[in-house]
Amino acid sequence: MTDLTDLLRSDAVLTGIAVLGKKALLVALAAALARQTGADARVIGEALTSRERLGSTGFGGGVAIPHAKVDGVSQVTAVFARLAHPIDYGAVDAAPVDLVWAMLSPPAAGADHLKALARVSRRLRDRAFLAKLRGAGSPDALYALFAADRARDAA
């Protein structure tokens, strides 16, 4: 397992996000990332949308990892959202998306950005872990799943 709490704060876990489509989801994620980073939500939304134009970040299994590099972001920062209802995201497997890890990095964070994406994508490809995320009853329970390795290492 991979502890992802260096990228994700406990107050950045969202549940029950009700959106009708990808555009509305990206707007909601941009607002949440703006609260985490202090960067402008409109700039974040434009960066996420521009990245999606290159190819969908919906990589299958109901999961998407929209990401971008944005001026004014000081470190790799993420928001996790579990949607109230799956949406069409244009994922590679054409399956609707209900779990979303959105991530921002500073423009100069080339290797750190890629390493973070690799860690997140490895974790979110684990079907048993995805089932736990879908079954967790609260934002705190979701965060605890992302922090599982840290807790085990401390024991």
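- Under the 4.5 Å side-chain criterion, counting only non-hydrogen atoms from C-beta, R122 is in contact with R119.
- Under a hydrophobic-cluster definition in which Ile, Leu, Val, Met, Phe, Trp and Tyr are linked whenever side-chain heavy atoms come within less than 4.5 Å, directly or via other members, V27 and L14 are assigned to different clusters.
- Among residue pairs with one or both ends in residues 8-17, those qualifying as side chain to side chain donor-acceptor pair (under 3.5 Å) are R9-D11, R9-Q36; sequence neighbours excluded.
- Under the salt bridge (Lys or Arg N to Asp or Glu O under 4.0 Å) criterion, K69 pairs with no residue at all, not counting sequence neighbours.
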Identify each donor-acceptor pair in which a side-chain atom of residues 39-48 lies under 3.5 Å from a protein atom, sequence neighbours left out, and give them as a table.
unit_1: D40; atom_1: OD2; unit_2: R42; atom_2: N; d: 2.9
unit_1: D40; atom_1: OD2; unit_2: V43; atom_2: N; d: 3.0

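- Applying the salt bridge (charged side-chain N to carboxylate O under 4.0 Å, His left out) rule to pairs touching residues 47-65 yields K22-E52, sequence neighbours excluded.
- Looking only at distances, no side-chain donor or acceptor of T77 sits under 3.5 Å from a matching main-chain atom of T37.
- The salt bridge (charged side-chain N to carboxylate O under 4.0 Å, His left out) analysis of residues 57-67, with sequence neighbours excluded, yields no pairs.
- Residue pairs that meet the salt bridge (charged side-chain N to carboxylate O under 4.0 Å, His left out) test with at least one member in residues 85-108, sequence neighbours left out, are D98-R134.
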**OP:** Start with the C-alpha distance between L124 and L133, add both sets of side-chain angles, then the distance that settles side chain to side chain contact (heavy atoms under 4.5 Å, CB included), and finish with yes or no.
**Re:** CA-CA 10 Å; L124 295 179; L133 291 175; 3.8 Å; yes
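- We find the CD1-CZ distance between I65 and R123 to be 12.5 Å, quoted to the nearest 0.5 Å.
- I87 is not listed as a side-chain neighbour of P96, based on a closest heavy-atom distance of 4.5 Å or more.
- The two residues G61 and L130 make their nearest non-hydrogen contact at O-CD1, 4.2 Å.
- Residues W101 and L104 do not share a hydrophobic cluster, clusters being chains of Ile/Leu/Val/Met/Phe/Trp/Tyr side chains in contact below 4.5 Å.
- Scanning both residues, L8 and A78, for their nearest heavy atoms gives CD1-O, 3.5 Å.
- The two residues L29 and A81 come nearest to each other via the heavy atoms CD2-CB, 4.1 Å.
- A donor-acceptor contact under 3.5 angstrom links the side chains of D3 and T5, judged on distance only.
- Judged as a ring-ring contact (aromatic ring centres under 6.0 Å, His included), the pairs with a partner in residues 71-94 (not counting sequence neighbours) are, in order, F80-F146.
- The CG atom of L25 lies 8.5 Å from the CD1 atom of I17; values are rounded to the nearest 0.5 Å.
- For A31, the side chain to side chain contact (heavy atoms under 4.5 Å, CB included) partners two or more places apart in sequence, or in a different chain, are R35.
- Pairs passing the ring-ring contact (aromatic ring centres under 6.0 Å, His included) check and including a residue from residues 38-79, sequence neighbours excluded, read H67-H113.
- With sequence neighbours excluded, the residues satisfying side chain to side chain contact (heavy atoms under 4.5 Å, CB included) with V76 are L7, M103, S105, D112, A116.
- Under a cut-off of 6.0 angstrom, the local environment of CG in L54 is crowded, with over 12 non-hydrogen atoms contributed by other residues, nucleotides or ligands.
- For the residue pair V97 and L99, the shortest heavy atom distance occurs at CG1-O, 3.7 Å.
- The shortest heavy-atom contact between V92 and G60 is CG2-N, 4.1 Å.
- Atoms CG and OG, on D126 and S121 in that order, are 12.0 Å from each other to the nearest 0.5 Å.
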